[in-house]
Structures are given as C-alpha cells and as structure tokens.
Amino acid sequence: MRHSHKQCDLTSDINDSWKPAVLDRGPFNMPRQNSNLTLPVPPGFSLQAAVCSYGYFILAPNRWDPGTRTFTRPLQGRRGRSVQVTISQPRYDRRRLKLTCDKRLDAPERAAIKAQVRRMLRVDEDFTGWFKMHPIARRKKFGRLFCSPTLFEDIVKTITGCNVTWSNTVRMNQLLCDKVGRGAFPTPAQLAAIAPAKLKASCKVGYRAERIIRLARDVQAGRLDLAWFEKPLLPADEAYQALLKIYGLGPFAAANICQLLGHYDRIAIDTETYRHFCTTFGVKRPKDPSKLHPRIEKHYTQYAPYQFLAYWFELWCGYETANGKPAPQWLPHEAGDFTATKLQ
DNA sequence: GGTAGACCTGGACGC
DNA sequence: GCGTCCAGGTCTACC
C-alpha cells in the first residue's frame, strides 16, 4: 500500500530557477519567462519505466515522446491556470528529474507542480518489498505504475475505460481535454458546469456522462472528499468499500482505483484478465468467466501484498511482446490494438 | 442473492 | 452504403 510504506525523503528543493525563455517569444516578439525545476528521485528511478507502465500514459493530455524520452502535459498551477510541463531525466544526473514549465512560477506554484509530478510517477512510494519479491521486475524497474496528477482524473479515466474498447477510451479522453478542459484535463468545476446531454454529445462518452458529471458535482459541492481516499494508512478494504459507493464505480473500477491509490492487494478483474489467465495458464474459459475469480485471486496470492503488480507485470510484458517493442517506443496509435478483443 | 436487460459507441460483418 | 450484431462494466428492476 502506498501510504503504509516507508516514504522516501525527496523533499529537497535545489537548483530551481526561472529565466527568460528562448523557446517562445510570443506574438509581439517579447521574451516570455519560464521556470526550470528539479525533482529528486530515488536511486534506480527510471522516468521511462515510470511513465510507460500503464495505459493512462497514452491518454490525453499525457504525451510521451519516444524520440526524446520526455513526458509533457499541462498541470494545474495557481488559481487553476494551466502550466505546460515537460519532464526529462538527464543522463548526467539520474537522481533528478528536470521539469521545464512554460510559465514563471512562484514558490507555492512550484510546490504544487512538483506534488502533481510526484503523484503521477509515484516518486514517494517505496517498492523495496516488491523488488525483493520480484527480481525480474526490479531489473526492468517495473513497479511505479503511471497514474494521474489527481485522483479525480484517475476516476474519470477509469470510468472512460469501462465497457468500451481501448481506442474509444483514447478518443473520449482526447475529446474531454479538447472540448471541456481547453487542452488540459477538465477540472471538477469545468465538468460540474456542463449538462450530461452536452457532455455525451460533445465527448462521445455515452451513458458515462451522467456518472462523470455526478462525480464532478459531488466533488465540487464538497459532498465527496477525494482527499480522504489519499489519507496515509487508510486500509485498502476501507478505500475499496468507499469507492463502491460512488455512483458508476463497480468492483472492477473500484479495484483499479485502489491500485492507482497504491493498494496492490486486489486485482481489477475484467475480460482482459480472463484472456490473460486462460491463455497464460492453459485454463479453459468457462461459459460464465466470473467463475474464474476465485482461481485468479488464489493464483496471485503468492505475491501478496503486491498481487496487482505481479498480474500487471505479466500483462504488460505480453503487450510489449505483442507489439514487438518495449512500451517507451510505442507510438500513440500503436497502443490500442492488443486488448482482450484483439488478442484472443 | 442472483439474473436479465439497458446503457452507448465503434468496429466487424453480411447483404 | 446500410443494417445488424458484438464487446465492454455498471446499474436497476425483477424474481
């Protein structure tokens, strides 16, 4: 569990600076200003392994550039303004990430941007136990599953991933950013202000519109406190049961959000899990695949409390094999063709 | 508690 | 080009 683990002390804040940018002089040929930040990371940390480890890195507004091995996306700055951040890991100093922001930031804003990056890349989580248990995963630096800068975005992304093909999930997230978030991922306030019918029509989210907007309005009105789910030491089961009470989240979605919160002792079982389990372990797929749940759960008990990481490692390696190259080299259009419906 | 149907979209397929 | 069917997870009504 993320919050029960020993947290790494990576709070030092050195070398942050702002300087006149030469990247963009703007329409009036006036120099703009940006901020360059540094973020300390633990030994052995790999940016590309942390980013290219879970499908959400492909979803808008996230952008991984395989050529430059940099990650870019807008994050929330002060008073909700959008700050475009590019993250790289310099070869000369693997212990720090370089964050290039397109705006000049003050101290609180720098801290906010860093906190979002730390969440996305799970910089503060301690994976010692997992790496000890799984040497192959340790060699591949696999464990930090990519997630979103906010739990709200993680939940919406999970909803858009349910009951739909992956290519459709990609489209929904792109439209949410383009039509609602002005290029960034929509905030609860932005989504709360839209009528479900309008969201359905503009972002092609179908019946999910009501679920997404009800979530946004509950968060916006303070009826749902998402910070509660990120409390240190919150038991995984308590988080799971509370997630199930959110309208639109069932067992799969709640279990998936649990792993995004750093609780790995529960597997989010969907049709992809059935496919993987049956093909990998030579199990005949029953007419009612939900009968496989106890077998799947029992099989991964050997990896407790990291069941989901062990399962996802197998699945992710399978995707890389199917795609003929490691995830950091995938292009966005290449990542949508190897889920359950395509691989069976 | 268990089950069936509806929800929505894009893609595959048959004509 | 058009119509039909299917996949996907959750909710709700019904038994």
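Residue numbering restarts at 1 for every chain, and letters A, B, ... go by the order of the sequence lines.
Of the listed nucleotides (C:dG9, C:dT12, C:dT10), C:dG9 has the atom at the smallest distance from the side chain of A:Asp270.
In this structure, A:Arg266 satisfies the cation-pi test against A:Tyr240, with its NZ or CZ atom closer than 6.0 Å to the six-membered ring centre and inside 45 degrees of the ring normal.
Checked by atom type and distance alone, the side chain of A:Arg122 pairs as donor or acceptor with a backbone atom of A:Leu145 at under 3.5 Å. The main-chain N or O of A:Ala327 is found under 3.5 Å from a side-chain atom of A:Glu320 such that the two form a donor-acceptor pair. Of the possible donor and acceptor atoms, none in the side chain of A:Glu230 sits under 3.5 Å from a partner among the backbone N and O of A:Leu226. At distances below 3.5 Å, at least one donor-acceptor pair connects side-chain atoms of A:Trp64 with backbone N or O atoms of A:Pro328.
One atom, NE2 of A:His293, and another, C1' of B:dG2, lie 15 Å apart when rounded to the nearest Å. Distance CD1 (A:Ile212) to P (C:dT10): 14 Å, rounded to an integer number of Å. We find that CZ of A:Phe252 is positioned 14 Å from C1' of C:dA7, with the value rounded to whole Å. The interatomic distance linking A:Tyr240 (OH) with C:dT10 (C1') rounds to 12 Å, in whole Å. As rounded to whole Å, 15 Å separates atom C1' of C:dG9 from atom CH2 of A:Trp166. Regarding A:Lys291, its NZ atom lies at a distance of 11 Å from the C1' atom of B:dG2, rounded to whole Å. The CD1 atom of A:Ile269 sits 16 Å away from the C1' atom of C:dG8 (whole-angstrom rounding).
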Check: protein-nucleotides 5-9 of chain B nitrogen or oxygen pairs below 3.5 Å:
| unit_1 | atom_1 | unit_2 | atom_2 | d |
| --- | --- | --- | --- | --- |
| B:dC8 | OP1 | A:Lys200 | NZ | 2.5 |

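Considering only side-chain N and O atoms, A:Ser167 lies nowhere under 4.0 angstrom from the phosphate OP1 or OP2 of B:dG10. Listed pair A:Thr165 / B:dG10 fails the phosphate criterion, with no side-chain N or O lying under 4.0 Å from OP1 or OP2.
As judged by a 4.0 angstrom heavy-atom cut-off over every strand, A:Ile159 is placed among residues making no nucleic acid contact. Residue A:Ala253 is in sugar-phosphate contact alone, with no base atom involved, counting any heavy-atom pair closer than 4.0 Å across all strands shown.
Relative orientation of the A:Phe308 and A:Tyr311 rings is perpendicular, given thresholds of 30° and 60° on the angle between their planes. Taking the six-membered ring where tryptophan is involved, the planes of A:Trp316 and A:Phe57 are perpendicular, since the angle between them exceeds 60° and thus also 30°.
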